[in-house]
Undergrad: 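I'd like to ask some things about the structure below.
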Amino acid sequence: MTSDPVDDRSRWWEGSVIYQIYPRSFADSNGDGIGDLLGIVGRLDHLRGTDASLGVDAIWLSPIHPSPLADMGYDVADYTDVALEYGTLADFDSLVDACHARGMKLLLDLVPCHTSIEHPWFVESRSSRHDPRRDWYVWADPAPDGGPPNNWESVFGGSAWERDEATGQFYCHTFYPEQPNLNWRNPAVADAIGDAMRFWFRRGVDGFRVDAIQAAVVDDQLRDNPPFRRPSSMPGLDPGRAQAWLWNVDRPEVHDVVRGLRRVADEFAGRVLVGELYAPVERIAGFVGGTADDEFHLAFNFEMLLAPWDHGELTLAIERAEALHPPDALPTFALSNHDQPRHTTRWGRERARVAAVMLLTLRGVSTLYMGEEIGMVDHPKLPKDRRFDRAGRDAQRTPMQWEPGPGAGFTTGTPWLPTVDPERVNVADQRSRPGTLLDLYRRLIALRRESAALRRGTHRSIFGVAPDVLCWTRTADAERVVVVCNLADEPRTADLSRVAASGVVLLSTVDRGGDVDLRRLDLAGLEGLVISLPVAES
Ligand code: GLC
């Protein structure tokens with residue numbers, strides 16, 4: 001068991017690449033069709049440690065705890081154990097050791113705002129109005145007409161309140177009814193979650209991705225949400241909601257909750273907390289950095305992930321991330337995750353290469369979702385009897401495709417979700433061939449690691465170089481690079497004379513290298529380029 005971090009460099013996460021593993025779908029070591037921890041151990045070569053590895057800095061595992069799977073593990077029934085189908089605590093310790101031996105960090109998913117209805121805390125809480133744990137959850141009397149206490153909607157549709165017949169009260173659930181909200185106004189809840197964090201930190205975990213933190217606190221007077229909302233400033237945010245979610249999420253008190261989590265993380269050296277909340281950048285930026293720097297180290301920013309393939313929208317997604325975070329805070333970027341359609345499906349497979357250049361040359365921290373490095377797409381049409389998630393997110397959670405063949409190298413049994421054309425899209429195929437998407441991801445990550453400018457340099461966008469072309473420079477010490485991404489299918493000629501007269505191609509999505517004239521830079525359709533610039537004489 002390892003309890004020391006791999007190294008004590010402060011902010012090891014600066015410029016890092018985090019790889020999200022959906023444990024159920026990554027690799028199955030025992031043939032039951034479900035991914036597991038030893039399966040992950042067996043596939044670490046893909047991630048880090050050999051010349052052919054992707055070279056990511058950290059992995060983040062979606063929840064691995066015992067759970068009745070109403071929300072596929074985001075309904076936790078025991079915070080300090082591993083679900084039977086994923087293995088044992090001893091397997092987990094081997095995974096920690098194997099990651100650290102490769103110089104890779106391991107992050108877990110912390111789900112602090114709700115438990116499963118099967119968690120013993122909730123079983124006790126619902127047993128009686130006088131149970132000592134009653135106040136660990138958000139209980140309220142019915143409205144005078146016997147209905148829910150107020151009008152709050154839940155994320156997955158319908159009322160956020162569920163009636164408990166035995167005790168005659170309603171409990172609040174921001175997500176599924178099987179996920180009752182914990183009551184963070186009760187300090188005992190903070191203590192219990194803090195102890196769960198310490199349990200994993202002591203086992204050597206390097207940090208947590210903190211789930212859905214906006215739901216930690218609801219209004220203590222349970223005021224109704226107004227039944228009117230303005231369209232969000234962020235395309236794709238809060239689709240289909242009938243009301244403005246003012247009183248049930250993102251309450252000012254959430255900051256106190258996050259400060260409490262941070263105090264626990266700070267008891268250990270070199271640990272990181274990455275917050276997840278679906279909100280525009282100006283909101284998430286309030287949870288990171290700043291003079292006090294006592295909340296999250298990083299927060300997911302989904303503006304790029306939710307943006308359409310549109311030059312203006314992507315320009316804004318980048319520039320808002322740069323402009324709206326406090327100085328010193330690191331922005332984060334991602335294109336896909338287990339909750340949203342994969343970007344290869346949303347934007348199209350043919351855009352995956354230039355999208356990878358964009359994602360992996362921006363400042364801060366970039367997160368990959370397993371399978372995007374080989375261009376996996378969502379399952380086009382899951383048979384009805386193979387659906388698990390009522391919110392329809394199975395399509396992006398299908399098993400990782402390691403090899404061609406029936407189990408796709410994921411399992412020797414029957415995969416829990418069907419694979420999507422592993423004959424054509426798989427790791428083995430792409431690993432050995434230059435020019436594949438996997439090869440491009442590997443080269444981009446290597447470049448990011450080797451280049452101080454890409455890893456920790458400043459960012460400056462250059463606008464108007466050519467229609468549909470994104471462009472920015474990254475500068476650190478004596479090193480300067482310019483990134484150029486043509487979002488159009490057709491060729492473009494860009495004028496980068498404001499940046500420099502010439503440069504040397506470090507990487508391109510098409511086969512080219514050497515010196516280039518930046519006053520008239522010809523770009524292929526959907527070409528992404530990283531160019532090294534001459535350093536100004538001092
Ligand atoms: C987060 C998770 C999502 C889950 C929800 C409730 O958004 O990513 O999968 O359904 O929180 O825990």
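Each ligand, and each atom within it, is numbered from 1 in the order the structure gives.
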Undergrad: For Trp139, is the NZ or CZ atom of Arg129 found under 6.0 angstrom from the centre of its six-membered ring and inside 45 degrees of the ring axis?
TA: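 No; the conditions do not both hold, so Arg129 does not lie above the ring face of Trp139.
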
Undergrad: Strictly under 4.0 Å, does any heavy atom of Gln340 approach an atom of ligand 1?
TA: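 Per 4.0 Å heavy-atom rule, Gln340 does not contact ligand 1.
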
Undergrad: With a 4.0 Å cut-off on heavy atoms, does Tyr176 reach ligand 1?
TA: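 Judged by the 4.0 Å heavy-atom criterion, Tyr176 does not count as contacting ligand 1.
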
Undergrad: Once you restrict to heavy atoms under 4.0 Å, what part of Met72 touches ligand 1? Side chain, backbone, both or neither.
TA: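 Neither; no heavy atom under 4.0 Å.
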
Undergrad: Can you tell whether the side chains of Arg251 and Asp256 come within less than 4.0 Å, N to carboxylate O?
TA: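 Salt bridge absent between Arg251 and Asp256.
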
Undergrad: Taking 4.0 angstrom as the limit and counting only heavy atoms of His114, give me the atoms of ligand 1 inside it, by number and element.
TA: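 Counting atoms of ligand 1 from 1, those under 4.0 Å from His114 are 6 (C), 12 (O).
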
Undergrad: Could you tell me the residue and atom name of the protein heavy atom closest to atom 10 (O) of ligand 1, and the distance to it rounded to 0.1 Å?
TA: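 For atom 10 (O) of ligand 1, the nearest protein heavy atom comes out as Asp71 OD2, 2.5 Å.
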
Undergrad: Judged by non-hydrogen atoms, does Arg393 sit under 4.0 Å from ligand 1?
TA: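 Arg393 counts as a contact of ligand 1 under the 4.0 Å cut-off.
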
Undergrad: Is there any side chain to side chain donor-acceptor pair (under 3.5 Å) pair reaching into residues 376-386, and which pairs are they, with sequence neighbours excluded?
TA: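 Checked against side chain to side chain donor-acceptor pair (under 3.5 Å) - neighbours excluded - no pair reaches residues 376-386.
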
Undergrad: Sequence neighbours left out, what pairs pass side chain to side chain donor-acceptor pair (under 3.5 Å) with at least one residue falling in residues 186-198?
TA: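 Sorted pair list: Asp195-Arg198, Arg198-Glu267.
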
Undergrad: Can you list the ligand 1 atoms lying under 4.0 Å from a non-hydrogen atom of Phe156?
TA: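 Numbered from 1, ligand 1 contributes 10 (O).
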
Undergrad: Tell me which protein heavy atom sits closest to atom 7 (O) of ligand 1, plus the residue, atom name and distance to 0.1 Å.
TA: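 That would be Glu276 OE2, 2.9 Å.
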
Undergrad: In this structure, which one of Arg48, Arg11, Arg102, Arg448 forms a salt bridge (charged side-chain N to carboxylate O under 4.0 Å, His left out) with Asp57?
TA: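 With Asp57 as partner, salt bridge (charged side-chain N to carboxylate O under 4.0 Å, His left out) holds for just one option, Arg48.
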
Undergrad: Name the closest protein heavy atom to atom 1 (C) of ligand 1, giving the residue it belongs to and the distance to 0.1 Å.
TA: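 For atom 1 (C) of ligand 1, the nearest protein heavy atom is Asp211 OD1, 2.7 Å.
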
Undergrad: Using a 4.0 Å cut-off to any heavy atom of His338, which atoms of ligand 1 qualify?
TA: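 Answer for ligand 1: 2 (C), 3 (C), 8 (O), 9 (O).
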
Undergrad: For atom 5 (C) of ligand 1, what's the nearest protein heavy atom and its distance?
TA: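 Looking only at protein heavy atoms, the one closest to atom 5 (C) of ligand 1 is Phe175 CE2, 3.7 Å.
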
Undergrad: Does Tyr278, backbone or side chain, put an N or O under 3.5 Å from an N or O of ligand 1?
TA: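 So ligand 1 has no N or O lying under 3.5 Å from an N or O of Tyr278.
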
Undergrad: Could you give the distance from CZ (Arg43) to CG (Asp28), rounded to the nearest 0.5 Å?
TA: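 Answer rounded to 0.5 Å: 11.0 Å.
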
Undergrad: Using a distance-only test with no angle check, is there a side-chain donor-acceptor pair under 3.5 angstrom linking Arg209 and Thr367?
TA: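 Checked: Arg209/Thr367 side chains show no N/O donor-acceptor pair below 3.5 Å.
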
Undergrad: Using a 4.0 Å cut-off to any heavy atom of Ala212, which atoms of ligand 1 qualify?
TA: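 The list of qualifying atoms is 11 (O).
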
Undergrad: Glu373 vs Arg442, test: salt bridge (Lys or Arg N to Asp or Glu O under 4.0 Å). Steps then yes/no.
TA: CA-CA 9 Å; Glu373 70 277 26; Arg442 198 179 44 70; over 6 Å; no

Undergrad: Looking only at heavy atoms, is any part of Tyr22 under 4.0 Å from ligand 1, and if so is it the side chain, the backbone, or both, or is it neither?
TA: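 For Tyr22, there is no contact with ligand 1 at all, from either part.
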
Undergrad: Checking Ser62 against Gln20: is there a side-chain donor and acceptor pair closer than 3.5 Å?
TA: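 Judged by distance alone, the side chains do pair up.
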
Undergrad: For His338 and Tyr74, does a side-chain donor sit closer than 3.5 Å to a side-chain acceptor?
TA: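 The answer is yes; a qualifying pair exists.
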
Undergrad: Among all the protein's non-hydrogen atoms, which is closest to atom 9 (O) of ligand 1, and how far away is it?
TA: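 It is Asp339 OD1, 2.7 Å.
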
Undergrad: For ligand 1, does Arg209 get within less than 4.0 Å through its side chain, its backbone, both, or neither, judged by non-hydrogen atoms?
TA: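 Within the 4.0 Å criterion, Arg209 contacts ligand 1 through side-chain atoms alone.
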
